[in-house]
Amino acid sequence: MAYETILIEQRGAVTLVTLNRPQALNALNGQVLSELLDAMAAFDKDASQGCAVITGSEKAFAAGADIKEMHAQGFADMYGHDFFAGWDAFTRTRKPVIAAVAGYALGGGCELAMMCDFILAADSAKFGQPEIKLAVSPGMGGSQRLTRAVGKAKAMEMCLTGRMIDAAEAEHAGLVARIVPAADLVEDAVKTAATIASMAPLAVLANKEMVNAAYETTLAQGVQFERRLFHALFGTADQKEGMAAFVEKRPGNWSGK
Ligand code: HXC
């Protein structure tokens with residue numbers, strides 16, 4: 001599939017995806033969704049790739065779902081086609097995905113960043129759920145993921161007023177993993193992704209799966225799920241290699257088995 005709204009670059013074991021609709025501040029329309037889903041499926045299947053980074057431009061990660069695409073739609077279009085349900089497939093990407101956010105991450109842009117496994121924010125980043133100003137609401141999971149990330153008080157204030165928060169507030173609230181100078185954002189994110197891609201692949205999948213389980217389970221179920229996956233990793237060749245490499249004071253050489 002040839003892409004028009006995203007750019008793909010492989011940097012070693014890292015797939016760098018750049019949202020590329022500068023004229024619309026990377027607003028997310030149906031074409032972006034289908035190209036991104038295609039790219040993520042290819043990334044997941046490609047054994048040479050271990051981690052992905054999604055980024056935008058200096059001005060905008062993404063300024064939201066495409067308002068011009070949505071504005072004429074009615075209830076029957078939205079409900080009948082389960083509009084935005086396609087984005088759920090993005091969250092089923094099995095390998096890790098980092099959002100590298102500079103500039104605006106608003107509405108669907110903030111929601112896409114939150115669908116990634118963690119967010120690295122440039123000091124220029126601004127996050128918000130301004131849909132209320134359009135007389136609608138988050139529709140790609142924002143009311144749920146933001147609330148889980150920053151707690152009810154801040155999520156409620158942001159959704160009800162549309163107020164944007166800057167990178168420092170986002171980091172303080174737990175929405176982003178780290179703040180990076182804007183000029184270093186992509187390099188830092190790719191380096192972080194390369195570190196992840198250098199780990200044993202099955203352990204990477206298991207760690208992602210168990211952290212995500214914390215969102216879906218009770219504490220006891222989550223701890224049980226973690227322990228079972230931990231036990232399962234002792235059935236891998238890479239666990240033998242990883243522990244032998246530690247004892248022999250050398251780097252691990254992973255087989256992915
Ligand atoms: C379509 C958009 C867009 C969007 C910006 N553009 N955001 N097009 N959908 N979400 C377009 C503008 O129309 C304009 O195109 C061009 O990008 C540049 O934007 P400007 O507004 O001229 O830039 P600036 O003055 O710098 O302001 C930046 C901004 C503003 C503060 C980010 O663009 C803005 O408020 N955008 C909308 C943010 C928003 O409401 N997002 C939530 C969307 S709803 P032209 O052709 O005029 O030059 C959403 C919903 C999820 O995500 C679920 C709801 C159902």
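What you are looking at is a predicted structure, and each value in this text was computed from that prediction instead of being measured. Each ligand, and each atom within it, is numbered from 1 in the order the structure gives. Counting from 1, the numbers follow the sequence of the chain as shown.
Here is the list of ligand 1 atoms found below 4.0 Å of a heavy atom in Leu106: 32 (C), 38 (C). For ligand 1 and Gly139, the ligand atoms under 4.0 Å from any heavy atom of the residue are 51 (C), 53 (C). Close approach of ligand 1 to Lys59 is summarised as follows: ligand atoms under 4.0 Å from at least one heavy atom of the residue are 23 (O), 24 (P), 26 (O). Per-residue contacts place Gln23 under 4.0 angstrom from the following atoms of ligand 1 (heavy atoms of the residue considered): 15 (O), 16 (C), 17 (O). Within ligand 1, counting atoms from 1 as listed, the ones closer than 4.0 Å to a heavy atom of Gly107 are 42 (C), 52 (O). Taking every non-hydrogen atom of Gly108 and a distance limit under 4.0 Å, the qualifying atoms of ligand 1 come out as 49 (C), 52 (O). Per-residue contacts place Ala24 under 4.0 angstrom from the following atoms of ligand 1 (heavy atoms of the residue considered): 2 (C), 5 (C), 6 (N), 11 (C), 17 (O). Within the listing of ligand 1, atoms 40 (O), 43 (C), 44 (S) sit less than 4.0 angstrom from a heavy atom of Leu134.
Annotation for His71: atom NE2 does not count as buried by contact number, only 12 or fewer foreign heavy atoms lying within 6.0 Å. The environment of Arg163 atom CZ is dense: over 12 non-hydrogen atoms of other residues, nucleotides or ligands sit within 6.0 angstrom.
Ion pairing between a basic and an acidic side chain is recognised when a charged N comes within 4.0 Å of a carboxylate O; Arg11 and Glu187 show such pairing. Salt bridge status for Glu241 with Arg250: present, with a side-chain N to carboxylate O gap under 4.0 Å. A salt bridge links Lys208 to Asp117: one of the charged nitrogens lies within less than 4.0 Å of a carboxylate oxygen. Under 4.0 Å is where a charged nitrogen must lie from a carboxylate oxygen, and between Arg178 and Asp188 at least one such pair does. Residues Glu4 and Arg21 are not paired through a salt bridge, judged by the lack of any N-O separation under 4.0 Å between the basic side chain and the carboxylate.
Under a 4.0 Å heavy-atom criterion, Met140 is not in contact with ligand 1. Residue contacts with ligand 1 include Phe84, since one of its heavy atoms falls under 4.0 Å from the ligand. The shell of residues lying under 4.0 angstrom from ligand 1, judged by heavy atoms, excludes Gln129.
Here the closest non-hydrogen pair linking Gly50 and Pro96 is O-CD, 3.7 Å. In terms of heavy atoms, Met140 sits closest to Leu112 at CE-N, 4.4 Å.
Proximity of Lys133 to ligand 1, defined as any heavy-atom pair under 4.0 Å, is not found for any part of the residue. Contacts of Ser137 with ligand 1, taken as heavy-atom pairs under 4.0 Å, involve the backbone alone. With a 4.0 Å cut-off on non-hydrogen atoms, Ala27 touches ligand 1 through its side chain and not its backbone.
In this structure, atom 55 (C) of ligand 1 is in close contact with the protein, since a protein heavy atom lies within 4.0 Å of it. The nearest protein heavy atom to atom 21 (O) of ligand 1 is not closer than 4.0 Å. Under the 4.0 angstrom criterion, atom 48 (O) of ligand 1 counts as lacking any protein heavy-atom contact. Within a 4.0 Å radius of atom 34 (C) of ligand 1, the protein contributes no heavy atom. For atom 27 (O) of ligand 1, no protein non-hydrogen atom is found at a distance below 4.0 Å.
To the nearest 0.5 Å, the span separating CE on Met156 from CG on Leu146 amounts to 11.0 Å. Between Arg94 atom CZ and Glu209 atom CD the span is 6.0 Å, to the nearest 0.5 Å. Summarising the geometry, atom SG belonging to Cys51 is positioned 4.0 Å from atom CD1 belonging to Ile98; distances are rounded to the nearest 0.5 Å.
For atom 30 (C) of ligand 1, the nearest protein heavy atom (residue, atom name, distance) is Leu25 CD1, 4.6 Å. Protein heavy atom nearest atom 51 (C) of ligand 1, with residue, atom name and distance: Glu131 OE2, 3.5 Å.
Considering only non-hydrogen atoms, atom 9 (N) of ligand 1 lies nearest to Ile67 out of Ile67, Leu112, Val136. Among Gly162, Pro130, Gly142, the residue whose heavy atom lies nearest to atom 40 (O) of ligand 1 is Pro130.
For a threshold of 3.5 Å applied to N or O pairs, the pair formed by Ala63 and ligand 1 contains at least one separation below that value. Between Lys68 and ligand 1, at least one N/O pair is under 3.5 Å apart.
A donor atom on one side chain and an acceptor atom on the other are found under 3.5 Å apart for Asp46 and Ser48. In this model, a donor atom of one side chain and an acceptor atom of the other lie less than 3.5 Å apart for Glu35 and Thr5.
Relative to the ring axis of Phe43, Lys95 places its NZ or CZ within 45° and under 6.0 Å from the centre.
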